Amino acid sequence: MGKKNIEELNLMDDFLMGSVLSYPVVGPEVCRKMISIILSREIREVRIVPQKAYFGADTDKHGIRLDVYAEEAREGDVDTVYDIEPDKSSKGEMRLALPRRTRFYHAKIDADSLASGEDYAQLKNVTVIFISPYDPFGLKRMVYTIKNTCVEEPDMPCEDGMQTLFLYTKGSKGNPPEELRRLLRYLEDSREENAQDEDLKEIHRMVQQVKRDREVSLEYMKICERERMIMEEGYASGGEAAKIGIIRRKVEKGFSVPEIAEMLEAEESYVNEVMHLLEENEGASDLEIARKKLGIEEDE
């Protein structure tokens, strides 16, 4: 990420998507327009909770961090939750796990959306939307819509309120609406020339407003500098800070302790220790956590 300046970022980049959709006034409007285009129906109003996290019941249980959590209140109907996940990682094992990953996302959202004493009929509808520049199923479709059905009676209604959309930015099959084609092209390459209708021109104007915000630019510069320092000083401390940075990001993405340990070829006890340090020192940088882990005093 540090190789790009903020003007070069596209909405498929986590930082820009999160910054735009968490921006006052701008965020809900951009999100509303995006979901309206994706679902081909008018969305009147949404409430945004950026970077919403669902923690595991224990350190050895999976949690998740949703890139974009939005709620729509519909008169005469239960509320609908939308989780929008731009996903640029095309690694084979991650791609194969997408159906189970979305199953887990639905489960975590459901578990948190029904208050004690409420009837099951009040359980919120949940639509998880994955957007990727790679084809998740290899069938060249721009839209893959996943819903529960009855195997024996596929035409039988089974309205459980759960839906998953996989959107492939370069898909061609299935005759997707032209508005959706243009939106996905813009998300992947967020330049003015790709804002080819009135909705996208308005989205682009708001995206540029966020990019020009000094505080957003400074935050991006801090992240880039932090990543550079992690690499430079991580190597100097035997890669400890770099490993902690990896653990932090994997925890935020909902990976379990055993999974992270396997990725790093490390002991689970090591990962647990780092996670405890991250919890106890909220806001500390990866380098600061590494120094604590190694027992290095601050003035050294």
Side-chain angles (χ1 to χ4, degrees), residues 1 4 6-39 41-54 64-74 79-89 102 105 108-109 112-113 124-133 163-167 169 179-180 182-192 194-195 197-223 249 252-254:
M1 187 169 68
K4 292 182 179 179
I6 196 166
E7 276 300 320
E8 295 173 313
L9 294 181
N10 303 305
L11 276 175
M12 283 292 290
D13 291 302
D14 284 347
F15 177 83
L16 185 59
M17 179 70 83
S19 297
V20 169
L21 295 185
S22 63
Y23 203 84
V25 181
V26 164
E29 182 62 11
V30 171
C31 188
R32 185 190 69 79
K33 286 181 177 293
M34 285 175 54
I35 297 174
S36 295
I37 294 170
I38 290 169
L39 299 184
R41 72 170 178 85
E42 185 66 21
I43 303 292
R44 300 179 66 180
E45 186 177 348
V46 293
R47 180 179 69 90
I48 303 293
V49 183
Q51 304 290 313
K52 184 175 179 66
Y54 295 94
I64 57 173
R65 178 183 58 82
L66 306 182
D67 287 336
V68 180
Y69 175 102
E71 283 193 1
E72 176 195 15
R74 300 181 67 183
D79 293 355
T80 298
V81 171
Y82 299 100
D83 168 34
I84 303 176
E85 298 286 329
D87 186 30
K88 298 170 73 174
S89 175
T102 56
Y105 279 29
K108 295 295 284 186
I109 294 170
D112 192 59
S113 66
K124 296 172 183 176
N125 297 319
V126 178
T127 296
V128 175
I129 303 171
F130 263 80
I131 306 172
S132 65
Q163 176 177 239
T164 303
L165 299 179
F166 294 96
L167 305 180
T169 58
E179 293 82 4
L180 179 59
R182 291 195 289 258
L183 172 65
L184 295 183
R185 188 182 308 121
Y186 177 78
L187 294 181
E188 191 174 16
D189 186 1
S190 306
R191 292 178 295 167
E192 184 176 8
N194 288 328
D197 58 40
E198 290 307 312
D199 280 334
L200 289 181
K201 287 177 182 177
E202 181 65 12
I203 288 174
H204 183 71
R205 183 191 67 76
M206 291 185 282
V207 168
Q208 291 302 108
Q209 178 184 341
V210 175
K211 284 184 174 182
R212 289 192 294 267
D213 187 290
R214 180 173 173 78
E215 289 188 10
V216 174
S217 296
L218 286 173
E219 179 62 23
Y220 181 65
M221 291 171 61
K222 288 178 183 177
I223 290 173
R249 290 190 292 274
E252 288 176 346
K253 281 294 185 181

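The model shown is predicted, which means the values in this text are computed figures rather than measured ones.
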Just verifying a value: how many Å separate [X] [atom1] and [Y] [atom2], rounded to the nearest 0.5 Å?
X: Arg32; Y: Ile43; atom1: CZ; atom2: CD1; answer: 8.5 Å
X: Glu71; Y: Ile48; atom1: CD; atom2: CD1; answer: 10.0 Å
X: Ile35; Y: Glu42; atom1: CD1; atom2: CD; answer: 11.5 Å
X: Ile38; Y: Ile129; atom1: CD1; atom2: CD1; answer: 4.5 Å

Return the set of residues passing ring pair (Phe, Tyr, Trp, His ring centres under 6.0 Å) with Tyr186 (not counting sequence neighbours), or none when no residue passes.
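Per chain and number, Tyr186 pairs via ring pair (Phe, Tyr, Trp, His ring centres under 6.0 Å) with His204.
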Matching residue for Glu188 among Asn194, Asn10, Thr169 - test: side chain to side chain donor-acceptor pair (under 3.5 Å)
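For Glu188, the side chain to side chain donor-acceptor pair (under 3.5 Å) test succeeds with only one of Asn194, Asn10, Thr169, which is Thr169.
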Taking the side chain from [X] and the backbone from [Y], do they hold a donor-acceptor pair closer than 3.5 Å?
X: Lys211; Y: Leu9; answer: yes
X: Asp13; Y: Leu16; answer: no
X: Asp197; Y: Leu200; answer: yes

How about [X]: does its [atom1] atom have over 12 heavy atoms from other parts shown lying under 6.0 Å from it?
X: Glu192; atom1: CD; answer: no
X: Arg41; atom1: CZ; answer: yes
X: Glu7; atom1: CD; answer: yes

Between Leu11 and Ser190, which heavy-atom pair has the shortest distance, and what is it?
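So the minimum-distance heavy-atom pair works out to N-OG, 3.0 Å.
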Any side-chain heavy atom of Met34 within less than 4.5 Å of one from Leu187?
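Yes, side chains in contact.
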Restricting to salt bridge (charged side-chain N to carboxylate O under 4.0 Å, His left out), what partner residues turn up for Lys33, sequence neighbours left out?
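If we apply the salt bridge (charged side-chain N to carboxylate O under 4.0 Å, His left out) test to Lys33, skipping adjacent residues, the hits are Glu29, Asp199.
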With Arg191, which residues qualify under salt bridge (charged side-chain N to carboxylate O under 4.0 Å, His left out), at least two apart?
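Per chain and number, Arg191 pairs via salt bridge (charged side-chain N to carboxylate O under 4.0 Å, His left out) with Asp189, Glu193.
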Would Glu252 and Arg249 satisfy salt bridge (Lys or Arg N to Asp or Glu O under 4.0 Å), going step by step from the backbone distance to the final call?
CA-CA 5 Å; Glu252 288 176 346; Arg249 290 190 292 274; over 6 Å; no
Basic-acidic side-chain contact under 4.0 Å: Asp14, Lys88
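Here Asp14 does not pair with Lys88 in a salt bridge, since their nearest N and O are not under 4.0 Å apart.
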